[in-house]
Amino acid sequence: MNDPHPTELAAGCIAAILPAAGSGQRFGSDRNKLFAMLRGKPIWFHAASRLAARPEVGRMVMSISEQDEADFRGPFAELVTELRIELVRGGDQRSDSVRAGLDAVANDKSIEFIAIHDAARPLVRDADLAAVFTKAAETGAAILAAPVTATLKRKLDDGNASRTVDRSELYSALTPQVFRLDVLRRAYDRDRGRPATDDAQLVERIGHPVALVHGSADNLKITHPEDLRIAEAILAR
Ligand SMILES: Nc1ccn([C@@H]2O[C@H](COP(=O)(O)OP(=O)(O)OP(=O)(O)O)[C@@H](O)[C@H]2O)c(=O)n1
Ligand SMILES: C[C@](O)(CO)[C@H](O)COP(=O)(O)O
């Protein structure tokens with residue numbers, strides 16, 4: 001049941017970290033996929049502006065690659081300033097990029113929570129942001145997640161056989177993933193570099209439960225070129 005008295009988050013108590021230092025291999029462009037334009041603005045700007053619009057978000061930190069620095073400090077500089085984004089250097093793995101953002105805010109006494117949001121997810125809904133922020137305030141760790149709707153198969157042998165997987169308790173993890181600062185700091189301090197494709201996995205490893213908050217399926221991650229066309233169609237509604 002939804003808590004009739006959700007925990008209120010103080011204005012400015014969240015630092016948003018946007019990992020934007022990936023190589024976009026699956027997108028197949030010679031530039032960062034986050035520079036692709038969506039209704040006149042780059043993908044990263046759509047993602048960042050939705051977080052920046054929330055009153056709970058007091059700091060915006062984006063992890064960028066060395067090769068993209070000239071773009072963010074040149075043609076994109078006005079947009080970066082408009083959203084008061086602090087740029088930090090990302091790393092080889094997504095978690096290295098998140099850690100760089102975490103290090104930038106770790107000693108800021110005004111920050112109680114960290115919201116990590118893929119800069120590749122331009123369509124996150126404001127209502128979903130409010131819901132995952134509220135749940136994180138209640139539990140210390142919460143992520144947006146969408147129930148799996150397709151029938152899932154596990155590949156057997158070389159793919160010439162398969163088995164159906166029970167999907168009844170399965171969700172696709174989305175972002176933002178929101179954690180109390182001390183929880184995420186502890187998870188990253190304990191991280192010994194084992195692969196992790198999201199931050200919730202690191203928090204699970206220190207034994208802290210991570211709550212799932214129903215997220216809209218249109219909070220898609222721009223991964224392949226066709227995802228951009230889907231995003232354009234959604235915004236054109
Ligand atoms: N070392 C990395 C890898 C990924 N990311 C960011 O994490 C988000 C989700 O990653 P993904 O969609 O996989 O982006 P890429 O890693 O760039 O894509 P690919 O796996 O196709 O190369 C993206 O905003 C990406 O820029 C990052 O900041 N640092
Ligand atoms: C964090 C994430 O978006 C949750 O689904 C996903 O794990 C990112 O994976 P990627 O391979 O870095 O895109």
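Quick note: numbers below take in every heavy atom, side chains included, and nothing from hydrogens, waters or symmetry partners. Order of appearance sets the numbers: ligands from 1, and atoms from 1 within every ligand.
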Against heavy atoms of A20, which atoms of ligand 1 measure under 4.0 Å? 26 (O), 28 (O)

Spell out, yes or no, whether V61 and F133 are grouped together once hydrophobic residues are joined by side-chain heavy atoms under 4.5 Å, including indirect joins. no

Logged contact type for L34 with ligand 1, heavy-atom cut-off 4.0 Å, is side chain

Within the supplied structure, the quantity of interest is the number of heavy atoms (other residues, nucleotides, ligands) at a distance under 6.0 Å from Q93 CD; does it exceed 12? no

Check this for me: R84, atom CZ, are more than 12 non-hydrogen atoms of other residues, nucleotides or ligands nearer than 6.0 Å? no

List every atom of ligand 2 that sits less than 4.0 Å from any heavy atom of R121, numbering the atoms from 1 in the order shown and giving each element. 2 (C), 3 (O), 4 (C), 5 (O)

Are R163 and L156 packed together at the side-chain level, in the sense that at least one heavy-atom pair is separated by less than 4.5 angstrom? yes

Any atoms of ligand 1 less than 4.0 Å from a non-hydrogen atom of D92? List them with their elements. 1 (N)

Taking the six-membered ring for Trp and the single ring otherwise, decide whether the centroids of F35 and F45 are under 6.0 Å apart. no

Name the closest protein heavy atom to atom 5 (O) of ligand 2, giving the residue it belongs to and the distance to 0.1 Å. A173 O, 2.6 Å

Between R50 and R54, the two heavy atoms sitting closest are O-CG, 3.9 Å

Does some non-hydrogen atom of the protein lie less than 4.0 angstrom from atom 10 (O) of ligand 1? no

Could you check whether any heavy atom of R121 sits closer than 4.0 Å to an atom of ligand 1, since that is the contact criterion I want to use? no

The protein heavy atom nearest to atom 16 (O) of ligand 1 is G22 CA, 4.0 Å

For atom 3 (O) of ligand 2, what's the nearest protein heavy atom and its distance? D118 OD2, 2.5 Å

Identity of the nearest option to atom 1 (N) of ligand 1, non-hydrogen atoms only, from S63, A21, P19, G91: G91

Pull out every atom of ligand 1 sitting under 4.0 Å from any heavy atom of Q93, numbered as shown with elements. 1 (N), 2 (C)

Using the rule given for side chain to side chain contact (heavy atoms under 4.5 Å, CB included), can you reason through R194 versus R205, listing the C-alpha separation, both sets of side-chain angles and the distance that settles it, and then say yes or no? CA-CA 10 Å; R194 283 165 55 193; R205 287 174 184 163; 3.5 Å; yes

Where does R26 meet ligand 2, judged by heavy-atom distances below 4.0 Å: at the side chain, the backbone, both, or neither? side chain

Of the protein's non-hydrogen atoms, which lies at the shortest distance from atom 12 (O) of ligand 2, and what is that distance? R94 CD, 3.7 Å

Any N/O pair D198/ligand 2 closer than 3.5 Å: no

Which atoms form the tightest heavy-atom contact between I43 and A120, and what is the distance? CG2-CA, 4.2 Å

Enumerate the atoms of ligand 1 whose separation from the nearest heavy atom of Q25 is less than 4.0 angstrom. 19 (P), 21 (O), 22 (O)

Among all the protein's non-hydrogen atoms, which is closest to atom 20 (O) of ligand 1, and how far away is it? R26 NH2, 2.9 Å

Test I143 against every option in V210, T175, I116 by the side-chain contact (heavy atoms from CB on, under 4.5 Å) rule and name the one that passes. V210

Looking only at heavy atoms, which two atoms of I17 and P19 are closest? And how far apart? O-CD, 3.4 Å

Please could you name the atoms of ligand 1 that S97 approaches to less than 4.0 Å, counting only its heavy atoms? 1 (N), 2 (C), 27 (C), 28 (O), 29 (N)

Proximity of K221 to ligand 1 by residue part, where a heavy atom lies under 4.0 Å: side chain

For atom 13 (O) of ligand 2, grab the closest protein heavy atom and report residue, atom and distance to one decimal in Å. K221 NZ, 2.6 Å

Rounded to the nearest 0.5 Å, the OH atom of Y171 sits from the CG atom of L144 at a distance of 12.5 Å

Kindly work out whether a path of hydrophobic side-chain contacts (I/L/V/M/F/W/Y, heavy atoms less than 4.5 Å apart) joins I14 to I111. no

Atom 8 (C) of ligand 1 sits nearest the protein heavy atom D118 OD1, 3.6 Å

Any Lys/Arg nitrogen of D189 or R185 sitting under 4.0 Å from an Asp/Glu carboxylate oxygen of the other? yes

Checking D68 against R89 for the salt bridge (Lys or Arg N to Asp or Glu O under 4.0 Å) test, could you report, in this order, the C-alpha distance in whole Å, the side-chain angles of both residues, the deciding distance, and whether it holds? CA-CA 10 Å; D68 289 340; R89 182 65 57 77; over 6 Å; no

N/O separation below 3.5 Å, I222 to ligand 1: no

Go through ligand 1 atom by atom and flag the ones less than 4.0 Å from a non-hydrogen atom of K33. 11 (P), 12 (O), 14 (O), 18 (O)

Counting non-hydrogen protein atoms only, what is the nearest one to atom 17 (O) of ligand 1? Give residue, atom name and distance. G24 N, 2.7 Å

ILVMFWY cluster, V88 and L18 together (side-chain gap under 4.5 Å): no

How far apart are the closest heavy atoms of A20 and N32, and which atoms are they? O-ND2, 3.2 Å

Give the numbers and elements of all ligand 2 atoms closer than 4.0 Å to a heavy atom of T197. 1 (C), 6 (C), 7 (O), 8 (C), 9 (O)

Please verify whether a non-hydrogen atom of H117 lies at under 4.0 Å from ligand 2. no

Short N/O distance, under 3.5 Å, between T223 and ligand 1? no

Assess G90 for proximity to ligand 1: is some non-hydrogen atom of it under 4.0 Å away? no

